[in-house]
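Report on one structure; see the data block that follows.
Only heavy atoms go into these numbers, but all of them, side chains included; no hydrogens, no water, no symmetry mates. Predicted model, so just to flag it, every value in this text is computed and none were measured.
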Amino acid sequence: MYWAALLPIQLPHSASPIDAASLGTWSLQFSPRATLCEECVLVEVEASARLFGGISRLRERIELGAAELGARVAWAPTGLGALALVRCELADGFQAPWQKVLDKLPLTALTAVAAHQATLARVGCRTLGDVRALPRGGISRRFSKELLSALDLAYGLRPETYAWLTIPESFHARLELMSRVESAPALLFGARRLLLQMSGWLQARRLGATAYTFRWCHDVMRAKDAGTGGELTIRTAIPTQNVDHLGKLLAEHLAQVTLLAPAGDIELLATEVLPVVEESRSFLPEVRRKGAATGLALERMQARFGDDCIRRPLVCADHRLEHGQLWSHTDAEKPGKAQSNGYDLPQPSWLLVEPLRLVERDHRPQYQGALQLLLGPDRIEGGWWHRAQDSGEEITLNVQRDYYLALSPHAGVLWVFQARLAAEETAWFLHGHFA
């Protein structure tokens, strides 16, 4: 069983593989056997019916996806037959015997027959059934062999062979708008169709987009200082294929853009992609998660209010615990993967912003009573490369400390250290508490 989708865009017969895939990859999520047949996408779905719960469910899903792209869909036993139906704005090739369905179609339904329409009309042929009724010997002598071949393929008398689409390594799609757009948010309608195509490409490649670029081209009748167009690069914190989320991020950015001239064309490029870790499905019923993830909500807030409004905690590979994390508002500032800090002692639940110097009595540190050292020492030395400005002077943040786990009679377990080489005296400091 074949279905053909006639998309609202005309492609030349010499369309490049990337152009073809930009129209066809969204359909590969339904079937791995898709091809670009003239101006439509053709998919063989018989092998995928059981995977999607039967032909009826697969048909509903395909028609829903085609409707979002503004495409017309037709179903037929043969590939060329499906193309003929969708050209004639018919949908179901199974409502009657296949031969009777094709016999009623006009000559323009098949390209090979339409090429000889004028000659065939002079001999009284108006439909494919009239042409098929002519003697085959006379047709083969007076017309090209492609005409008989197309009729045999459409009626299922000969096996069909196609060059099935292969998934390209990159995604780049372009769409000419139906009319000139003067407002940036109005570009979102056409952009969603491109996002649907990109989502199909990502699913077929098992990838997720972490960045994509949306471009618009100004109309040729524009002011000289307007330029040729503009672009936006949208980034996500995690790889995603979610069309709704990608569209919402784009909508937030477009709301802040003012077009310098009317736009006539738009483009979409997947600039950065990463493999997607797919979730394992359970045989037992699962509770459906409601609401958007926190990360998706934060990305929308960042797109609306700016990069500086949202900060994320990032773990850094640093032995000094007070420098073991930082707050960043952009993913570009992410440090390398954090390594183990090498502490032998447990880490405190609460860390003081500034270490508190402790009083000593009889060479023992005091904090709400005399401290009893439980574990330690754990020596930390580092930070000689770290510089900071203090009152206009550059100081080093090098530390030389021996950390201990200490017990206070009233404050509980504490994290303290003894500063080494502290001028003429050794000092004790409180650095953290344990919950």
Taking every heavy atom of L254 against every heavy atom of L232, the minimum-distance pair comes out as CD2-CD1, 3.7 Å
(request) Determine the interplanar angle of the W415 and Y403 rings, folded into 0 to 90°, and report it as parallel if under 30°, tilted if 30 to 60°, perpendicular if over 60°. (result) parallel
To the nearest 0.5 Å, atom OG1 of T233 lies from atom CZ of R215 at 8.0 Å
>> Would the distance check show the side chain of Y212 and the main-chain N or O of L195 forming a donor-acceptor pair, the cut-off being under 3.5 Å?
In response: no
Rounded to the nearest 0.5 angstrom, the CG-CG distance for L187 and L250 is 8.5 Å
Margin query: Less than 4.5 Å apart, side chain to side chain, heavy atoms only: is that true for L107 and Q117?
Written below: yes
Minimal heavy-atom distance between R180 and P262, with the atoms involved, is CB-CB, 4.1 Å
Between S56 and E60, a side-chain donor and acceptor under 3.5 Å: no
Can you confirm whether Q400 sits close enough to F417 that some side-chain heavy atom of one is under 4.5 Å from a side-chain heavy atom of the other? no
Taken to the nearest 0.5 Å, the spacing of I266 CD1 from L175 CG works out to 4.5 Å
task: Assess whether atom CZ of F189 is packed by more than 12 heavy atoms of other residues, nucleotides or ligands within 6.0 Å.
output: no
#### Entry: Electrostatic pair E63:R59 at N-O distance under 4.0 angstrom
yes
Backbone N/O of A154 and side chain of T78: donor-acceptor pair under 3.5 Å: yes
Open item on the list: For D130, is there an ion pair with K104 - N to carboxylate O distance below 4.0 angstrom?
Closed with: no
Would you check if H433 and L414 make a side-chain contact, meaning some heavy-atom pair closer than 4.5 Å?
yes
Looking at T108 and A114, would you say the former's side chain and the latter's main chain have a donor-acceptor pair under 3.5 Å? no
Between L110 and L128, does the side-chain contact (heavy atoms from CB on, under 4.5 Å) criterion hold? Intermediate values first, please. CA-CA 9 Å; L110 295 178; L128 296 182; 4.1 Å; yes
Legend entry - CD/E354: more than 12 non-hydrogen atoms of other groups inside 6.0 Å: no
Check: Would a distance-only check, ignoring hydrogens and angles, find a side-chain to backbone donor-acceptor pair under 3.5 Å from S199 to Q241?
Finding: yes
Distance col, row H245:NE2 vs L249:CG, nearest 0.5 angstrom, shows 4.0 Å
Problem set entry | Neighbour count above 12 (heavy atom, 6.0 Å) for W350 CH2 | no
Indicate yes or no: at least one non-hydrogen side-chain atom of P239 is less than 4.5 angstrom from one of P275.
no
To the nearest 0.5 Å, atom CG of L268 lies from atom CZ of F214 at 7.5 Å
For D265 and D219, what are the C-alpha separation, side-chain angles and deciding distance, and is it a side-chain contact (heavy atoms from CB on, under 4.5 Å)? CA-CA 8 Å; D265 300 84; D219 186 31; over 6 Å; no
**Study point:** Criterion side-chain contact (heavy atoms from CB on, under 4.5 Å) on H431 and V416, from CA distance to verdict
**Key:** CA-CA 5 Å; H431 203 181; V416 300; over 6 Å; no
Looking only at heavy atoms, the pair that brings A76 and G81 closest together is CB-C, 3.8 Å
**Study point:** Sidechain N-carboxylate O distance under 4.0 Å for D152, R136
**Key:** yes
Q.
Side chains of P348 and L351, heavy atoms from C-beta outward: is any pair under 4.5 Å?
A. yes
Exercise. Indicate yes or no for a side-chain donor-acceptor contact from E231 to the backbone of T213 under 3.5 Å, with no hydrogens or angles considered.
Key: no
Smallest heavy-atom separation, L105 atom then L90 atom, equals CD2-CD1, 3.6 Å
For T240 and N242 the tightest heavy-atom approach is OG1-N, 3.1 Å
| request: In sequence, state the C-alpha distance, the side-chain angles, and the governing distance for H253 and V257, and then conclude on side-chain contact (heavy atoms from CB on, under 4.5 Å). | output: CA-CA 7 Å; H253 284 82; V257 173; 5.6 Å; no
Salt bridge (Lys or Arg N to Asp or Glu O under 4.0 Å) filter on E267, not counting sequence neighbours, yields R174
All heavy atoms of L352 vs all of L430, minimum pair found to be CD1-O, 3.3 Å
Measuring only between side-chain heavy atoms, which start at C-beta, is L246 closer than 4.5 Å to I234? no
message = Looking only at the side chains, is there a donor atom on one of T210 and R235 sitting less than 3.5 Å from an acceptor on the other?
response = no
Does the E160 side chain pair with the main chain of L80, one donor and one acceptor, at a distance under 3.5 Å? yes
- prompt: Side chains of R205 and S170: is there a donor and an acceptor less than 3.5 Å apart?
  reply: no
Any side-chain heavy atom of W216 sitting closer than 4.5 Å to one from V181? no
Flag this pair as yes if the NZ/CZ of R132 is under 6.0 angstrom from the six-membered ring centre of Y155 and inside a 45 degree cone about the axis; otherwise no.
yes
- Is the shortest heavy-atom distance from the side chain of V273 to the side chain of L202 under 4.5 Å? yes
Rounding to 0.5 Å, atoms CG (L120) and CZ (R142) come to a distance of 11.5 Å
